[in-house]
Amino acid sequence: MTFPPIFFELFVLALGMLILLLESFSVKEDRKIFAVIGIIGLAIVFVFLQASAPGPSGMASYVVDSAAIFFKKVVVLTTIVVLIMSIDYADTIRRFLPGGSSQSGLGEFFALPVLTCAGMMWMSSAIDFILIFVSLELVTISFYVLVAYMRRNAASLEAGVKYLILSALSTGFTVYGITWIYGVTRQTNLIEIEHVLPSIPLDNQPGVLFGALLVLVGLGFKIAAAPFQFWVPDVYQGAPTPITAFLSVGSKSVGFIVLLRVVQAFQSLPAVGDRLITAVILLAAATLLYGNLAALPQTNFKRLLAYSSIGHAGYLLMAVAGIGALDSGQAVVVYLAAYLLMTLLSFLVLVIVSAHGEGDDIVHFNGLAKRSPFLAFGLLVAMMSLAGVPLTAGFLGKFLVFKVAFETRQFLLLGLGIITVGCGFYFYLKVVKAMYWQPPAVNLAAIPVSKLSLAAIVIMVLLIFVLGIFPQVALGLMPTG
Amino acid sequence: MNLSPWIILFAPFVSAVVIVLITERFKKLSSYISVAAVAISFVFSVAVFFGQDGTASFNWIDLGTFQVKIGYLINDLTRLMLLIVTGVGLLIHIYSIGYMADDRGRSRYFCGLSLFMFSMLGIVLANNFIMMFIFWELVGFSSYLLIGHWFYRPAPPAAANKAFLANRLGDFGFMLGILLVWSASGTVTFDELRGQWSTLGLSPGFMTAAALLIFCGAIGKSAQFPLHVWLPDAMEGPTPVSALIHAATMVAAGVFMLVRTYFLFEPSSTALGVVLWIGLITSLLAALMATQQDDIKRVLAYSTLSQLGLMIAAVGLGAPQAGMFHLFTHASFKALLFLGAGSVIHSLHNEQNIWQMGGLQKKMPVTFWTFLIGTLALIACPPFAGFWSKDDILASADRNIPAFLAIAAVTYLTAFYMSRLFVVAFLGQPRSEQAGHAHESPSVMTVPLILLSIPACIAGFPFIASLFIKVPEHEGSPIGSMAVSLIAFAAGAASGYYLYKEKTKDSIQIPLFEHKFYIDEMYGSLIKWTQDLLANISGFVDRWVIDGTVVRGLGGITWGAGFALRFLQVGNLQAYAFLFGAGVVLLLYFILFGTK
Amino acid sequence: MVTLNDYLFASGLLFAIGFAGVLLRRNVIIIFMALELMLNAANLSLIGFSRYNVHDGLPDYNGQVLVFFIITVAAAEVTVGLAIIVALFRAKQTTHVEDMNTLKF
Amino acid sequence: MSPILFWIFVAMMLFFGGMVVLNRNPVASALSLVVSFLALAALYVSLDAYFIGVIQILVYAGAVMVLFLFIIMLLDLKAESRRHVNFPAVCGGFVVIILFIKVLSDVCYGFDGGNAKFPPIAQGPQGDVWHVGMVLFQQYNVALQVVGTLILVATIGVVILSKRELK
Amino acid sequence: MNFLVHLIYLSPLVAGVGIILGLPARRTAVTAAVIAIISALIVFIGYDRATGGYQFASFLQLVADWDLNFAAGVDGLSATLLLLTSIVALAAVWLAPKVDEGEHRYYACILLIAAGAAGAFASLDLFFFYAFHELALIPTFLMIGIWGSGNRQGAAWKITIYLSIGSIILLIGLIGLYLLPSPEQRTFNIVKLQQLASSGAFSGPGSRSVYFLLLLGFGILVSLFPFHTWAPQAYASAPVPVTMLHAGVLKKFGLYGLLRVALPLMPEAARHWAWLLLILLAGNILYVGLATISQKQLDLTLAYSSVMHMGYIFLGIASYNVIGLNGAALLMFAHGLSIAALFAMCGELRKQTGTLNYLDLGGLATNMPRLSFAFGLATFASIGLPGFANFASELLVFFGAFKNSTPGAGFNEFQIVGTIALWGVVISSVYMLRAYRAIFMGERQARWQTVQDMPLSLGWAVILLIAALLVVGIAPRTVLDAVEPGIRLFVK
């Protein structure tokens, strides 16, 4: 059976509210139950999403194409994993919340991601700037809350404020950009805009380009593209780890779907479209370099992941810049799928290790291979995939991106790619080195892993290899074009 | 097809393999196996000697357009060489049983010998350049093994390396020559080349170059100047080895090769001239050095050098037959001399300094007499073998006065230092107590001496020699040359005898000769200042420039860039806002106004 | 005669002023106000455009709706933002941006 | 509306906007923000966007400003003590801003027909509230729901972040 | 029969994974290696030399619209290299020392490296051809870092980063290659690619730059001068099995790639870039050769020599004619075996004496007759003594280089480099003989009284390697007849 597509969001929304209600009426149940409820609910949604097919939505501002469905799946999966992490992370949360009971504030912590997930799902279907703006803000605001969630933890709050101000700034630019696009084209709907653009008078091209660039800036902020990435390392480091994962996967992927739609829409007017592409190429170059180079000297694993997420944004932008090629969208999709798996996997391991360790510096992973080989292997796979070793998902992504870049003759980016991949090998393997070469720290105790996390890790490791060895699985995620 | 050449070739190979794989532990057995193998080869060589010419081959490598063949070519030259190699080889094998009786590494030794026989026979039988080159290399290898037999002493390994490297140097030229010949003619088979070479219409310069490069092989293998330095050192090996490899057969391979490929040299007078003078220079230098050596084996070694020089010179004179003739006689009496020396050294417990010998006439009669015969043969005393062959060479030089004089001088010097050697080593009073307790060697060693002295006596007579080899009958005045050589011989022998009679120490001191014209030292510094210097430079460059500076430098720059970039991340909110705005403005400017 | 450009440029200036506020003031609350200024600048040009893009005698109401949403969202943003700032103040007794730089490099 | 009024309101808007930035006393800034927004509302009205003008006054002048002032009082922020001014930063900031204005003006005055008169609008039977409402509830229904969610999230967030003791 | 090819790389792969999951390490590893070598032998012998072409081929289509398959199959060249791989792999596994900690990881890594190499050689699809090779990267990194000797961490970093950069360049080159033909012709299938080549699909303007990328990428992987500096340090400090596999087998991947992909598809470009290759390989032979002479330690000497010998293979490739290419192919096989044997025994020496410095060693032949004998054989093999495969192949390489010339004319660039290469033979005998003499011959120092001869496990491994060398050296046709038809296909 199939619903009208809009129902998925509503279901997720209802799920979030259900958790809130349970939270407010429950007395002494273990709040982790709620997370499990959320996971189950989202799993059901995922199943239905899997079953659902592209089709007309009956609304002008809301579209259900294969891309939308794919990205909805991505965010739902992400949210599931984030909830799993949150369960492992709950103790840390409690420590930093002022609470009478030991349960205080947990229910909301599980509910907010679900609501955010709903926002992201809306975002991935939005093709009207108004809807885009609103859902974008929904996501952003809930992230304000989540990032700053640990009130007793100065770092978390500082991250919150930084995210708040900078994000609001980028919102300002986005809105101003939308204004100009609207002003020139008289439209807020991307499809309409695509139709109208070729007919706009020559004098207005700067105006619409100006608007498009400002929108690009706003989205660049969301996907952590240089030079709008400065919030990323600080916020990633300060925020609760599950939220960091959520930020780096969820909000980045929806940012990319919107970016793709916008850039695509503007291709109808080459004079503007080509310059927009140039802009994207510039951003891609800056992002590649910044993310990968600045990661080289990192010693904090969470920050390292932040820089790596910047770097990967660079590769993704390469693919976006190749939008002229037939399968650039496909490249983005596959890369994001791979990125989702490997990033979430590393964050999951990070949460588990740092929950039983001293902190989240790389040195805290020393000798992990001896302490608990399973976790070490999981992280090894994640790192291999992030670095782009063949037969892992990460390689397939890089392969597609480079293919697209070569097809569209972006030799500058390819050249940078050579350098950055080298750097990538260096700083990802630094973690591997810590786990496998270094002797373990004082406490050799094996780290306990909950059933749920164990299952998650196994599944993700398997998926990474499956995607890497059988590309058709990944390519099936979204048909070409 | 005719199997016997293959049997001749592979019998020693089989023995070598068997020794390595199976009988390594049973030393006596190994030695017998090896001897048996040579005996087989010898028997079949005799058979081949009376058989008729022939050639056959199979493809070792077949790439359609390009084949490498392994095959044999039998003609008079092959027959003679086969006989020499297997015959002398057989005797020396037998001799070795006695000489090496109490050596730990006997199996290794005999394995080496068999391997050598295999390789040497391969050279002799080869019907094309590549096959010859293959066995050429193998010969070098086996000589390396045998020279380095006593690896636990300091000197032999050094000598072995020197020998191998010198040969490799020669082979570098040899291979280059082969490649040139092939790239010009498209074939490496002797028969085909003999037919085509002069008809290819190649530029004379090219032909000369090719011939001389081929000659390089001979220079290396036959220890001609300037690569002669390895042969004297090679005396560090066991004496039978010196006899077999470094006197009778291997060093003669160079000459053999020249004769085999004479057709390459014929068209180019320049090439022949070079060959001639290389030969003569070697011969003279060696003779001069020999006059001041005190080690019995080294004296023989230098005399070998100078005799080889004569043979080469003979080829250069356009009389390859004379060269072969001398090779034939020389093989017998030089082997005889070495074995004699060997038996002396053996009974004097490895005493090699002739000034520690003396008065051996009574104690070791057989050795004494046979050595005398050998000496007489070598110094061209009529009617011994050496007289005839050397006279042929002299005679073939009668048009070329300088060469003629040089050869005469060599004859004189030979007579001089050999008589010196003989007088000092055998006559007079014992000058050490080993010499006092010397005793005749066992029969297994003396019998070969006797057998070898027979050809040393008679092989020269034309009617006997002609059985084996086409003795060149030269027009002009044989009498003249004969007279000269007689005079030279007489003078040399006399002066040697009277100068050293009853002496206890050398009365003449000529450091230049004693130190072999300081050629070793020169080479030492040459290598030091060219190869080692370059090596160290490139080692340094590789370590510190390419790797240290460029590679590490790039890595460092990248890392440094990352380190610097981090400082944009100052943690101050307004700094971020500023950078954000700056980014926006730059982007806007570049895209809106920068690009068209 | 007042033209669209005048409105646009006025809004642009307001935007710039807001941006200046973000760059120059150290007090987070003031910075936040400045951000509000930027949003309103956008609103102004939106209204301008919607008034300019007239079809069949009516201004184009999409723009106004967008403004409506922007205002709403801005309000929500302000509440959350101020809440965070308050929490920060409780934790660190400051609202100055220099005082929050524990996270860097 | 006559140009004079327009320029007056623009001047007010910009001036008080500037005061927001320049005043070192937060309360003063907040109040100038209110004034600036009032002027802005007037400009909306001048563009026949009565509904938005009203909303502007209600939401901003009414709610948001009160909130700001309330918080300022709560934290009783004193006037910002004159700290050393970081000149490079300030100059850099100004450069960035000037450049931005430059770009903006180029774009604005390049805008085609921007100098033309505003096209007249017919006063239909329904006020613009009606029109806005139609668009809002027909075309942008989804967006409205999203905003609802947004406000829900905001509420939760505020509770979580500022409640003294979570139950 | 096709499954045999898959067996060659799958058995180590599966065994490696199995070991990680907890199968008994050594027994599983040896079993897998034996299975691999048996199937490789059957494939090598079963390969029908008369018909030539690709045999034992099997395709599993993965992505239709890219024509991406999981394809495996062999022609003479790859059959030979697979044989080489499985021989060296068996030897490496067999002589692997006792590991006290992380034995599972140790063996798993060895097997994965072997599997990577084998997979690359067996694959008939560009994508997996590349992917398999890089599979070996991480295990190498881990092994050098954990079980290496000397400055192991530096070495591990250098080789890993260097090779990763090399392979990304290669990847871009391969992508370019894939994009050269018109969209409907594009394919990853090597067999089809070679058919396409005859229709001139790769002779377009881009082909030269693509070939350059490939040359650069493959060159870095093969330590082509001046991109060679990763090799010596890494080989010197890597654990023995890794060095054997890497120097012996994995390094050949680049050359194999040139022979399999670059040359057949873009002959014109290959000829165009020949001059560059000639210069660089001259650097390999002469410059690196001299650098080798200046080394003072056995492990470094061997490592440098392995870099130097790549020059000969490149010469064969550069000369681009039947003789030279066959020589190159044969030399890949021969060098793989000889260098593996040398490194194996070098590791044993290190274990016994704790030093490889020439000044400290000497006269060891008295204590270790077996080792010194075997080492001598390997030494002379590596300096091209007739009877060992190295000689036959170097011979062919030289003749190949001199083939490109007009009869009787002066030297062209090929002959000049050929002469340099010939001189390289002298150079290599200089350093190898010096090394051998310094270690095994001469006076024995008192402290080496107690040194033991090599253990039987190592003995068998070395015998395996050297026996293969001798067999092929005495009868080169065993290999050449298999390789030749494949090469004749694309050399006109």
Side-chain angles (χ1 to χ4, degrees), chain A residues 325-327 330 369-370 373-374 376-377 380-381 383-384 387-392 395-396 398-409 411 414-415 417-430 432-433 435-439 465 468-476 479-480, chain E residues 13 17 20-22 60-66 68 70 101-102 104-105 116 119 127-138 141-148 152-153 156-157 160-169 171-179 183 206 209-210 213 216-217:
Chain A
L326 192 56
D327 45 9
Q330 194 178 46
K370 297 191 181 61
F374 172 70
F377 181 72
L380 172 67
V381 173
M383 288 300 138
M384 278 166 62
V389 176
L391 303 186
T392 62
F395 171 73
L396 185 63
K398 279 209 176 51
F399 175 76
L400 281 170
V401 168
F402 280 47
K403 182 158 157 291
V404 169
F406 203 113
E407 255 175 312
T408 50
R409 297 271 176 279
F411 296 119
L414 285 173
I418 294 172
I419 302 171
T420 52
V421 168
C423 302
F425 266 92
Y426 174 73
F427 59 77
Y428 290 124
L429 289 184
K430 261 195 343 193
V432 177
K433 166 196 170 197
M435 293 189 301
Y436 282 87
W437 295 4
Q438 309 297 26
F465 281 122
I469 297 170
F470 304 104
Q472 71 274 31
V473 181
L475 299 178
T480 316
Chain E
L13 194 60
V17 177
I20 293 176
L21 298 180
L60 161 65
Q61 184 169 68
L62 294 185
V63 183
D65 51 2
W66 298 353
L68 173 68
F70 189 88
E101 196 184 1
H104 283 66
R105 256 177 274 140
F127 186 87
F128 289 97
F129 160 78
Y130 174 87
F132 267 112
H133 163 260
E134 212 167 328
L135 183 69
L137 203 58
I138 299 300
F141 176 76
L142 288 179
M143 286 204 69
I144 298 182
I146 304 175
W147 291 284
R152 60 177 203 276
Q153 303 210 347
W157 277 124
T160 314
I161 302 302
Y162 218 132
L163 290 191
S164 66
I165 289 176
S167 32
I168 198 67
I169 294 176
L171 176 65
I172 293 176
L174 289 177
I175 291 174
L177 182 70
Y178 169 75
L179 294 174
S209 34
V210 168
L213 280 176
L216 191 60

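To find a chain, count down the sequence lines: A is the first, B the second, and so on, and within it residues start at 1.
- Of all the listed residues (Val473(A), Leu391(A), Ile469(A), Leu429(A)), the one sharing the greatest number of non-hydrogen pairs under 4.5 Å with chain E is Leu429(A).
- Here the closest non-hydrogen pair linking Trp437(A) and Ala156(E) is CH2-CB, 3.4 Å.
- Contact of Leu142(E) with chain A is made through backbone and side chain together, with heavy-atom distances under 4.5 Å.
- In this structure, the portions of Gln153(E) lying under 4.5 Å from any heavy atom of chain A include both its backbone and its side chain.
- For the pair Leu13(E)/Leu135(E), a side-chain contact is recorded, criterion being any heavy-atom separation below 4.5 Å from C-beta on.
- Of all heavy-atom pairs between Ala376(A) and Met435(A), the closest is O-CE, 3.7 Å.
- The nearest pair of heavy atoms linking Ile138(E) to Met384(A) is CG1-CG, 3.8 Å.
- Looking at Trp147(E), neither its backbone nor its side chain comes within 4.5 Å of chain A, counting heavy atoms on both sides.
- One distance of note links CZ of Phe141(E) with NZ of Lys433(A); it measures 8.0 Å at 0.5 Å rounding.
- Contact record, Gly173(E) with Val210(E): O-CG1, 3.6 Å, taken as the closest heavy-atom pair.
- The choice from Thr160(E), Ile161(E), Ile172(E) that makes the most heavy-atom pairs within less than 4.5 Å of chain A is Ile172(E).
- With a 4.5 angstrom heavy-atom cutoff, Leu380(A) touches chain E only via side-chain atoms.
- If you tally non-hydrogen atom pairs under 4.5 Å between each of Phe70(E), Phe127(E), Tyr178(E) and chain A, the highest count goes to Phe127(E).
- Counting heavy atoms from C-beta on, the side chains of Trp66(E) and Gln472(A) never come closer than 4.5 Å.
- Proximity to chain E (any heavy atom under 4.5 Å) is restricted, for Phe395(A), to the side chain, taken from C-beta onward.
- Ranking Leu62(E), Leu171(E), Ile165(E) against chain A, the residue ahead of the rest is Leu62(E), based on heavy-atom pairs under 4.5 Å.
- Heavy atoms of Leu68(E) lying under 4.5 Å from chain A belong exclusively to its side chain.
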